[in-house]
2 protein chains.
Amino acid sequence: MATIKDVAKLAGVAVSTASYALNNSKRISTATKERVEEAARQLNYKKNGIASDLKRTKTNTIALILSDLSGPYYSELIKGVQDVTTANGFDLIACSSIGDQQSTAVKFLKEKRVDGAIILAHNISDAITIESAQAGFPVIVLDRDLIDENVYHVEVDNTEGGFIATECLIKHGHENIAYIGGPSASLDNQKRFDGYKQALEQYQLPSHSKWNSIGYFTKEGGYKATKLLIAQGELPDAIFYGNDEMAIGGLQAFQEKNIRIPEDISIIGFDDIQLAEYVHPPLTTIKQPKYEVGALAVHLIFQLLEGKNINSHYKLSTELIERKSVMLKKQ
Amino acid sequence: MATIKDVAKLAGVAVSTASYALNNSKRISTATKERVEEAARQLNYKKNGIASDLKRTKTNTIALILSDLSGPYYSELIKGVQDVTTANGFDLIACSSIGDQQSTAVKFLKEKRVDGAIILAHNISDAITIESAQAGFPVIVLDRDLIDENVYHVEVDNTEGGFIATECLIKHGHENIAYIGGPSASLDNQKRFDGYKQALEQYQLPSHSKWNSIGYFTKEGGYKATKLLIAQGELPDAIFYGNDEMAIGGLQAFQEKNIRIPEDISIIGFDDIQLAEYVHPPLTTIKQPKYEVGALAVHLIFQLLEGKNINSHYKLSTELIERKSVMLKKQ
DNA sequence: CTGTTAGCGCATTCAT
DNA sequence: ATGAATGCGCTAACAG
C-alpha cells in the first residue's frame, strides 16, 4: 500500500509538500498540487488515518457505547447524538459493551481511540467509567448516577414520569393502582416507583404492597407478573407498568383471560417505544425526550472539549402520551 | 496523560521493558513486571491504542457500515456480525454513512482505520466501495451486486422470496394478485418483483400492470399506494407488498375504508420485521435469514484476512412465515 | 512556495 | 532478563 512517501517521490516533491497538497493547504501552488494529486491517484494512495490521528493527538470522533449494538434501539437518542456530532464536524462510532472487560467499548474508552464517549450500557462498570474519564477525555453517562470529577450525567426525570403516569390514572378515577416494575437494581425503576408512591401519597390513596411487583423489563417479565396478579384473584383498577415492553406483555396476559383493556382495567406504560402505538389498544404511556438527551450529551462533550466549565448534572422532563389504554373508571 | 515513557521512568526501567511487562511477555521477571504495573497504576497509565495500531499496522477491528445508526435496525443481522466478530477476538464498530462523501463511514473505509468492512448502506457509492477495497482490506457488500476483484457479496435470495410469497397467495386460491413494491431503483425490489412475475407465469396467472405499483419502502409509501389502489375501484384478491413496512401502511389504508384483512383481501409482506407479529391481523411474510447473512459476512472477512481464496458471491434462502393476513379465497 | 526535520506513543529487533 | 535504537505514516514547526 502506497504511503505519502511514495506519492511525494512520484510527484518529485518533499513529503511535507505532498502532505500540504493533499490537505488543501493554500501555501501550495496549483501546479504542484495537481501533480501530487495525480501521483496519489496513480498509486491509489489512501492516507493512513491512524498515523494522522497519532500525529495530531486527536481523533475527531466520539464513541457512543451501547450495551448491545443489535438493540432494542434507542433510535431517537442515537439520532440526537448523531445530528449534533456531525453538525460539529466530528465522526461518530457506536460500539458494544458485550464482553464486559474485553469488549470493544472498554477498549475504546481506555485507549484514547476517540475524543469523548457517551455511555448507555449498564454493564460498563462505574470503576471503568471513572478510570477512563479524565480532564481532556469527557465521558457522559446516561444510565446512572455517578459522581466523579470528570464524569457528567444526563438523565430523564424518571420520578416525575412515574408521578405523571400515576396521576393520569388517578385523574381517571382509579384508586387501586398497581405498579408492576422492573428489576429492583435498576435505578430507572426505583425512580419511577418513587414517583408512583409520591403520587399516591399526594392524592391520599392507599399503597398496598400486594399490588407492587417486580420483574424483568421485558415482555415476558410483564406477562408473568400480570399472570401472577390475575391469579391473586382480586384485580386493581389500573396498572402502571415500569416500561412499555412489560405493559405489552401484560396486554397479552389479560387478553388470554378475556379481561378487556381499558374497559375492565386501565394500564399505562413508560418509554413510548415504537410498538406502543401499534398494540391493541394503543398504549397510553410516558414519553422520554430521548432525542434531546442524545443531543445534549454530545453538546456537553463539545463544551468540555473546548475547555468550558459546565454543570455535572442535567435532568430532562417527561411527557404524557394519551392513547387508548386508560379510560374513566365506571362507577 | 501518562505515556509508557513515564511509566518506564517511574519504574526505573527501559521503555521496551515496560512495554514487554505491560503486554505480559514472559521474558520479564515477575519482580520488574510488578514494579512496572505498580507504576502504571500510580500514573493511571492507559496505552494509546492508536499508537499501538500504527506500530502493528493492524487494528483488530472491523467496521459495520450502516446507512443510519438510528436504524430501522437490522438487529438480527448485527447480532450475527457481532457474534462472529467477537468469537474471533476482533472488535466491531458501527458507523453511519450519513453525509455521503463526508461521512464517518467513508473515512473509516478509506483511511485504513479498520481491518475490514461490511457495507449495508445504499448511499455508499460503488465507486467508493471499489476504490477502498484492496487485497488485504476485505470489503463485503450486503446490499448490491458489485463485481470487483476485492469486493465480496452476500445476499438473500429475493427472487426466491418473491416467488414464495406469490405462490403462498396463489395456493390460497387467489388469482388477481397485486404487487405494491418499493423504489424501482432498489435491487431488492426488482428481484422480489421478478419472483412475483415468475410465480404468476408458472401458475399461468395473468399479470396486469394496473396492479403493479411502486412507492417508497415505508409505511407512508404503502399507505399511499394502497389508497391509490382502492381509489381505482376494483380490488385484487390479494396483495404482495415489497416489504413489511409498506404492508403495515396498507393495513392502515384498508382499515380506514373498512376493508377487512384477510376476509376481504389477503396480504403478504417481506422481511419479517418485529412489528409484523403485532399488527392486526398479524402479518404473513417472508423471513430473511439475517443473522446468517451477518455471520457469514464476517466469517468471509476472516477467511480473506487469513489469505484464503473464497468465492465472490453467496446467496441465502428465505422462508415463509404464515400468520393471519392470508386466508383461503371464498368462492 | 517548498524542503528538512522532529516527533506523536508504541512494539520490536538486536545487542548485551 | 533488560536496554538502546528504530520506524509505523503522518503533520507541522521551522528554515530557506
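Just so we're on the same page: letters track the sequence lines, and every chain starts at 1.
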Could you give the CD1-to-P distance, from A:Ile50 to C:dA11, as a whole number of Å?
-> 13 Å

Considering only C:dG3, D:dG9, C:dT13, which nucleotide approaches the side chain of A:Val13 most closely?
-> C:dG3

Rounded off to whole Å, could you give me the CD-to-P distance for the A:Glu111 and C:dC10 pair?
-> 10 Å

What is the distance from CZ of A:Arg35 to P of C:dT2, rounded to the nearest Å?
-> 8 Å

Do we see a donor-acceptor contact under 3.5 Å between the side chains of A:Asn24 and A:Lys33?
-> yes

Candidates D:dC10, C:dT13, D:dG3 - which lies nearest the side chain of B:Thr17 = D:dG3

OP1 or OP2 of C:dC8 under 4.0 Å from side-chain N/O of B:Thr3 = no

D:dA1, D:dC14, C:dC10: which one has an atom nearest the side-chain heavy atoms of B:Ser29?
-> D:dA1

With DNA chain D as reference, determine whether A:Tyr45 or B:Lys55 sits nearer its 5' end, using the nearest nucleotide of each.
-> B:Lys55

Polar side chain donor-acceptor pair, B:Gln190 to B:Asn158, under 3.5 angstrom | no

When the distance from CD1 of B:Ile4 to P of D:dC8 is rounded to whole Å, what number comes out?
-> 19 Å

Kindly point out which of C:dC8, D:dC10, C:dT13 is positioned nearest to the side chain of B:Lys5?
-> C:dC8

Tell me what A:Val15 touches on the nucleic acid: a base, only sugar-phosphate, or nothing, going by heavy atoms under 4.0 Å.
-> base

Counting side-chain heavy atoms from CB outward, which of D:dA1, C:dC10, C:dT2 is closest to B:Arg27?
-> D:dA1

Rounding to a whole Å, what distance do you find between B:Glu34:CD and D:dT2:P?
-> 12 Å

Which part of the nucleic acid does B:Ile28 contact within heavy-atom distance under 4.0 Å: base, sugar-phosphate only, or nothing?
-> sugar-phosphate

Interatomic distance where CG belongs to A:Leu54 and P belongs to C:dA11 [whole Å] = 12 Å

Sequence neighbours excluded, every pair satisfying ring-ring contact (aromatic ring centres under 6.0 Å, His included) that has a member inside residues 80-128 of chain A = A:Phe90-A:Phe302

If you measure only the distance, is there a donor-acceptor pair under 3.5 Å linking the side chains of B:Asp115 and B:Thr59?
-> yes

Name the nucleic acid region contacted by B:Ser19, choosing base, sugar-phosphate or nothing; use a 4.0 angstrom heavy-atom cut-off, strictly under.
-> base

Taking D:dA5, C:dG3, C:dG9 as options, the one with an atom nearest any side-chain atom of B:Asn48 is C:dG9

Please confirm whether any donor atom in the side chain of A:Ser16 sits under 3.5 Å from an acceptor in the base of C:dT4, or the reverse.
-> yes

Side chains of A:Gln288 and A:Asp271: is there a donor and an acceptor less than 3.5 Å apart?
-> yes

Checking all strands, does A:Asn23 fall into the base, sugar-phosphate, or nothing category for heavy-atom contacts under 4.0 angstrom?
-> sugar-phosphate

With respect to the phosphate group of D:dT11, does any side-chain polar atom (N or O) of A:Lys47 fall under 4.0 Å of OP1 or OP2?
-> yes

Are B:Tyr291 and B:Asp83 linked by a side-chain donor-acceptor pair shorter than 3.5 Å?
-> yes

A:Lys112 NZ - C:dG9 P separation (whole Å) = 8 Å

Starting at the 5' end of DNA chain D and moving along, which residue's nearest nucleotide shows up first, B:Ala18 or A:Met1?
-> B:Ala18

Atom-pair distance (CZ on A:Arg56; P on D:dA13), nearest Å = 13 Å

